[in-house]
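This one's a predicted model, so the numbers in the text were calculated from it and none came from an experiment. Convention: sequence-line order gives letters A, B, ...; per-chain numbering from 1.
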There are 2 protein chains.
Amino acid sequence: MVQQTVRTNQTKDVRVIIVEDYKLTRVGLRYALNEIENINVIAEAQNAESGLEIIRKEQPDVVLMDLGLPGINGLEATSKVKEISPNTKVIILTSHDREEEVVASLGSGASAYCLKDIDPNTLSNVIKNVAKGTCWIDSNVAHLALKLFPKPENTEILNSGHSMDVKAKLTERESEVLKLLVQGKSNTEIAQELIVSVHTAKAHVCSILQKLCVDDRVQAAVKAIKEGLVSV
Amino acid sequence: MVQQTVRTNQTKDVRVIIVEDYKLTRVGLRYALNEIENINVIAEAQNAESGLEIIRKEQPDVVLMDLGLPGINGLEATSKVKEISPNTKVIILTSHDREEEVVASLGSGASAYCLKDIDPNTLSNVIKNVAKGTCWIDSNVAHLALKLFPKPENTEILNSGHSMDVKAKLTERESEVLKLLVQGKSNTEIAQELIVSVHTAKAHVCSILQKLCVDDRVQAAVKAIKEGLVSV
DNA sequence: TAACCAATTAGCTTACTGTCTAATTTAATA
DNA sequence: TATTAAATTAGACAGTAAGCTAATTGGTTA
């Protein structure tokens, strides 16, 4: 294919570590991946404990992580990986397709979720992309993760003009106040932070409540988070 | 590359429609993609209205959707695509990298989010994968989407036992109360809903605040959402 | 210039919050 | 059986929140 021959450049190798308890899968993966240009499997581990040690030392680009590990499981291991080597991307490679595991994996810091029946060619592409920061979720479970994103029924973000969007309605100052509100600050604290009187803070909060069409600050905070009006 | 030559099989063509207002981008894309094996750009549209009409008729596998369209914007259009052709996968192709747009896109039903500086080879792979159901998010914005997944500090799922979690500390009743609290209910409303006295509701809220180590119900709500203690 | 809006401040009222102490009942557990 | 934990209720208190009206200042726009 034309588009692939172009890619024969001197991209740095993606340094990969495999954490997987089944030896057969582990070594099989290693051999398969080392065939691929620009991918270099530098180590493998059969459990999270030894895997984490290697990762701490090597700071690899990508970790292929099994979920069902003995001892520390893959989820906890993923969290730890992001602690000890924040730039390392984690790819979950498992046979589980339960929603909670998919969501929990991505919540724990994984960048990709692959089922074990993945095509090796695809896997190698995923590894290269994930190394750059891409998020990739297997076709069999993608819908489980995607449905988690809030439907912007009300978020008129990016609205083509007709119905004005909530955030645009908020003035800059109000956005500031909303941000502090979501942090759980009281009106008094907000006033102190912005160096204004409590009256001012209250006035802003009041108009925020009206603009968001909610009754109190809790609802405002929840709505702000759900609709991405503030970065949590 | 080896992995590509293997794929010369008789996979059905992925039928693609491009919705993009800039003619240059639109026709450029079309030419580039039609070079790719197994991808067939069957139509293009310069706005959402005409795009949706074509999509309704053609029921394509994949739609490449620009966000900044005149009239109906890409977000709304994405929602409509999923209504009129649920099996059609939407790939957002835009130059915007704002968090709200990324999240709103995926919430509106898109399966992938690409920035316009994407490598054409990569795009063609994304198209093929997304057609199967994969979720793909550009490396420049993936972190914005990934951080939305609740950190499973509390998810008892797959917990290897040792670290007890916040949610386990909450009693069932408290979890009920927390759920209502996040909905913005006042103590009085919570009491009515659970058919208990206000005193009881307050008692529960009070112990929730203590267990979550927060000062007020706003912080409790925010923490509950962030940590996935409640389903929003 | 006039009209408008954002931001600011103030006072006032009603209602709600969060904490405390204290007590009762029920279920599970040692 | 004795103990513990959860759920329930109550009264009281200081603090906060939210709605209301009203006024001032500084830009922006018609």
What's the [atom1]-[atom2] distance between [X] and [N], to the nearest Å?
X	N	atom1	atom2	value
Leu194(A)	dT8(C)	CG	C1'	12 Å
Glu172(B)	dT8(D)	CD	P	11 Å
Lys202(B)	dA22(C)	NZ	C1'	15 Å
Gln210(B)	dA6(D)	CD	P	13 Å
Lys211(A)	dG19(D)	NZ	C1'	17 Å
Asp216(A)	dG19(D)	CG	C1'	13 Å
Gln219(B)	dT17(C)	CD	P	16 Å
Asp215(B)	dT19(C)	CG	P	8 Å

Hey, is the side chain of [X] poking within less than 4.0 Å of OP1 or OP2 on [N], counting only N and O atoms?
X	N	answer
Thr200(B)	dT9(D)	yes
Asn187(B)	dC16(C)	no
Thr171(A)	dA7(C)	yes
Ser197(A)	dT9(C)	yes
Arg217(B)	dA17(D)	no

Without swapping roles, check the side chain of [X] against the backbone of [Y] for a donor-acceptor pair under 3.5 Å.
X	Y	answer
Lys223(B)	Leu212(B)	yes
Lys82(B)	Thr88(B)	yes
Asn187(B)	Ile190(B)	no

Tell me which nucleotide among [options] gets nearest to the side chain of [X].
X	options	result
Ser186(B)	dT19(C), dC12(C), dC16(C)	dC16(C)
Glu174(A)	dA7(C), dG18(C), dA18(D)	dA7(C)
Val196(A)	dT8(D), dT8(C), dG19(D)	dT8(C)

Worksheet entry | Pair Glu193(B) + Lys179(B): basic N to acidic O under 4.0 Å | no
Worksheet item: Would you call Arg26(B) and Asp66(B) a salt bridge, taking side-chain N to carboxylate O under 4.0 Å as the test?
Response: no
Practice prompt. Look at all strands and tell whether Val205(B) reaches a base, only sugar-phosphate, or nothing, counting heavy atoms closer than 4.0 Å.
Written response: sugar-phosphate
Response to the item:
On DNA chain D, more 5' by nearest nucleotide between Arg173(B) and His199(B) is Arg173(B)
